[in-house]
Structures are given as structure tokens and as C-alpha cells.
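Worksheet: the structure to be examined is printed underneath.
Sequence lines set the chain letters: A, B, ... in the order given, protein chains first and strands last, and positions in each chain run from 1.
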Number of protein chains: 2
Amino acid sequence: MNTNSTARHKAHAAVLKAMAHASRLVIIEALATKDHCVCELAALVGADMSTVSKHLSTLRNAGIISDTKRGTSVICHLKCPCVLSFLACVTDVLKTNAREQMDLVA
Amino acid sequence: MNTNSTARHKAHAAVLKAMAHASRLVIIEALATKDHCVCELAALVGADMSTVSKHLSTLRNAGIISDTKRGTSVICHLKCPCVLSFLACVTDVLKTNAREQMDLVA
DNA sequence: TGGTTAGTTTCCAATATAGCAAAATAACCA
DNA sequence: TGGTTATTTTGCTATATTGGAAACTAACCA
């Protein structure tokens, strides 16, 4: 484990960690379709706006989303739609897990 | 936000969360090449074996790795090599971030 | 059986995260 | 200017995560 690879792994982990929350995944999926303002996302997630605002700043700090101000609203935009490809694989993991659970019962 | 999609998002988040740690990424990358026993992984990560053992159980619970016992050793195996495709995209995110940092300075 | 190696679990302290409420900003409109 | 809407920040509490040390378990060997 040299210092460089540790730094790289930490950076990678930070991006994954930013995605690793149900509400933030809801936000990411919503933004995959189209840009949304914070209050729309708050309604979608169903949480306090202050909470959603913090989730958004987590995603922003990780470089996953960007935003522009329009009037009093902040419009959020998914910078890296490739993150959705993660979810396809995650779904595979979950399917495998489910299949194994089935096998245990059967 | 209906209950089903919340459950799905929670399940997805759990898998991402299991990956979201520098040491666990080191483990995942090592296992992508070949199976390893716990003590080899502990040496690679450079942490206490009890700590690595706990990281492994996190990955195991998420369904990312499996293991078989051989003598006194436990051999770990990466169940879903597709998780590596995550990292390619994460690298894109990081590159974009770095480029923006450059732009700020330039 | 007793010792050794490999791994896991438990205990505990330090740190990080999540969420709401309330206060603070910011841009707009009358 | 004063009020309103949208958003962020701060304060605080509850909860989760991390990691080493020590105790415990399991498989092997002499």
C-alpha cells in the first residue's frame, strides 16, 4: 500500500460514499431524467428541505452534481450520468443475493 | 416515493456503502486479480487483522464477496467483478473534478 | 493433549453521519 | 423598503462507523 494508491482509494471511496444513501440515490435517479430544483427534489425525497439541501451539498462536493441559480431557485444537474451504470451492477449483486436466499429456503 | 422504491434504494445504498471505504476498495481490487486469504489481505491493507476481518464481513453481508475455508485459512473471492466497472466511472468523476480545479487556478 | 496459526467476536473510545428546527441568506416582487 | 419564496447554515441530538486490543474459536500438527 503506497501513499498514492491510498490517496486514489480514498478519493474513489469518497465518491461511492456520496452515493451510498437511499435519498441521494432517489435524487440521482431523478436528475438522470431531467434537471430539478431543490424544492422539487425535497418533495420527491419526502424529507425536510434542510436535510435535502445537505444531501445535495454532499453530492456537489463529490462532483456528482452541479447547479445553477435561476431566480430564487437552484437548479440541480447530474454531471456524470455514468453513475447510473453503477446501479445496474448493484442490481446484479442484489439479484444474486436474493437467489441465494431462495436457495436456502428451497 | 412509494415503499417499494424506498426499499430498492435502501438495498442499492447498502451495496454502495459496503464498497465506500478505502480499505475495502483495496480488498476488492486485490480480489479482482485472484482469491486471497484474510491474512494476505490484512498485509495488503496494512491494518490489524481484526479490523480487516470486520471489513470482510461488511463485504460478505453486502453479497460482494464469498469465502471458503481451507485448513485454518479463509479464502475470499469476489462474487461480482462487475463492481470494478464502478471504479471506471468514479475515475471519470474524479478526473472531471480535477479538471475543474485546474480551471480555477488557471 | 498442548501448542500454534488463522480468523472472528466483543469491548470500548473516537469520529462521522443524519435529521429536524430555527436562524441566516438571497433573489425577487409590490 | 418590506415581504415572500427558495435555499443554506447552524445547533443539537441520536445513531452508525471505524479501529485496535483482548478474548474466544477453529483447524491443524507434534
#### Entry: A:Ala14: partners by side-chain contact (heavy atoms from CB on, under 4.5 Å), with sequence neighbours left out
none

### Message
Restricting to non-hydrogen atoms, name the atom on A:Ala42 and the atom on A:Met49 that form the minimum distance, rounded to 0.1 Å.
### Response
CB-CA, 4.3 Å

### Task
Can you sort out the partners of A:Asp92 under side-chain hydrogen bond (donor to acceptor under 3.5 Å, both in side chains), two or more places apart, ordered by chain and number?
none

### Summary
Whole-Å distance, A:Met49 CE to D:dT9 P, equals 13 Å

### Message
Has B:Glu29 got a side-chain atom pairing as donor or acceptor with B:Val26's backbone, closer than 3.5 angstrom?
### Response
no

### Task
Treat primed atoms plus P, OP1 and OP2 as sugar-phosphate and everything else as base, then score nucleotides 12-18 of chain D 5' to 3': B for base contact with protein heavy atoms under 4.0 Å, S for sugar-phosphate contact only, - for none.
-----SS

### Query
Does anything in residues 49-106 of chain A pair up under disulfide bond (SG atoms under 2.5 Å apart), and if so which pairs, sequence neighbours excluded?
A:Cys82-B:Cys89, A:Cys89-B:Cys82

### Residues forming a side-chain hydrogen bond (donor to acceptor under 3.5 Å, both in side chains) with B:Lys79, sequence neighbours excluded
A:Glu100

### Query
Looking at CD1 of B:Ile75 and CG of B:Leu31, how far apart are the two atoms once the value is rounded to the nearest 0.5 Å?
10.5 Å

### Residue list, side-chain contact (heavy atoms from CB on, under 4.5 Å) with B:Lys54, at least two apart or on another chain
none

### Bend angle of the helix from C:dT1-D:dA30 to C:dA30-D:dT1, from helix axes over five pairs at each end, nearest 10°
10°

### Message
Let me confirm one number: the CG-CG distance from B:Asp35 to B:Asp67, rounded to the nearest 0.5 Å.
### Response
10.0 Å

#### Entry: chain A contact limits on DNA chain C, taken 5' to 3' with a cut-off of 4.0 angstrom to heavy atoms
C:dT17 to C:dC28

### Task
May I ask you to list the residues of residues 61-79 of chain A, by number, that have any heavy atom positioned under 4.0 Å from an atom of DNA chain C?
A:Lys69, A:Gly71, A:Thr72

### Summary
One should read off an interatomic distance between B:Ile28 CD1 and B:Ile65 CD1, to the nearest 0.5 angstrom, of 8.5 Å

### Message
So if I take residues 31-42 of chain A and measure heavy-atom distances to DNA chain C, which residues fall below 4.0 Å?
### Response
none

### Query
To the nearest 0.5 Å, how far apart are NE2 in A:His55 and CZ in A:Arg60?
13.0 Å

### Task
Report the distance from atom CG of A:Leu25 to atom CG of B:Leu16, rounding to the nearest 0.5 Å.
6.0 Å

### Task
Identify, with sequence neighbours excluded, every residue that meets side-chain hydrogen bond (donor to acceptor under 3.5 Å, both in side chains) alongside B:Asn61.
none

### Query
What pairs with A:His36 under ring-ring contact (aromatic ring centres under 6.0 Å, His included), at least two apart in sequence or on another chain?
none

### Query
Would you say B:Arg24's side chain and B:Ala18's backbone share a donor-acceptor pair under 3.5 angstrom?
yes

## Note on the structure
From CG of A:Asp48 across to P of D:dT7 the rounded distance in Å is 13 Å

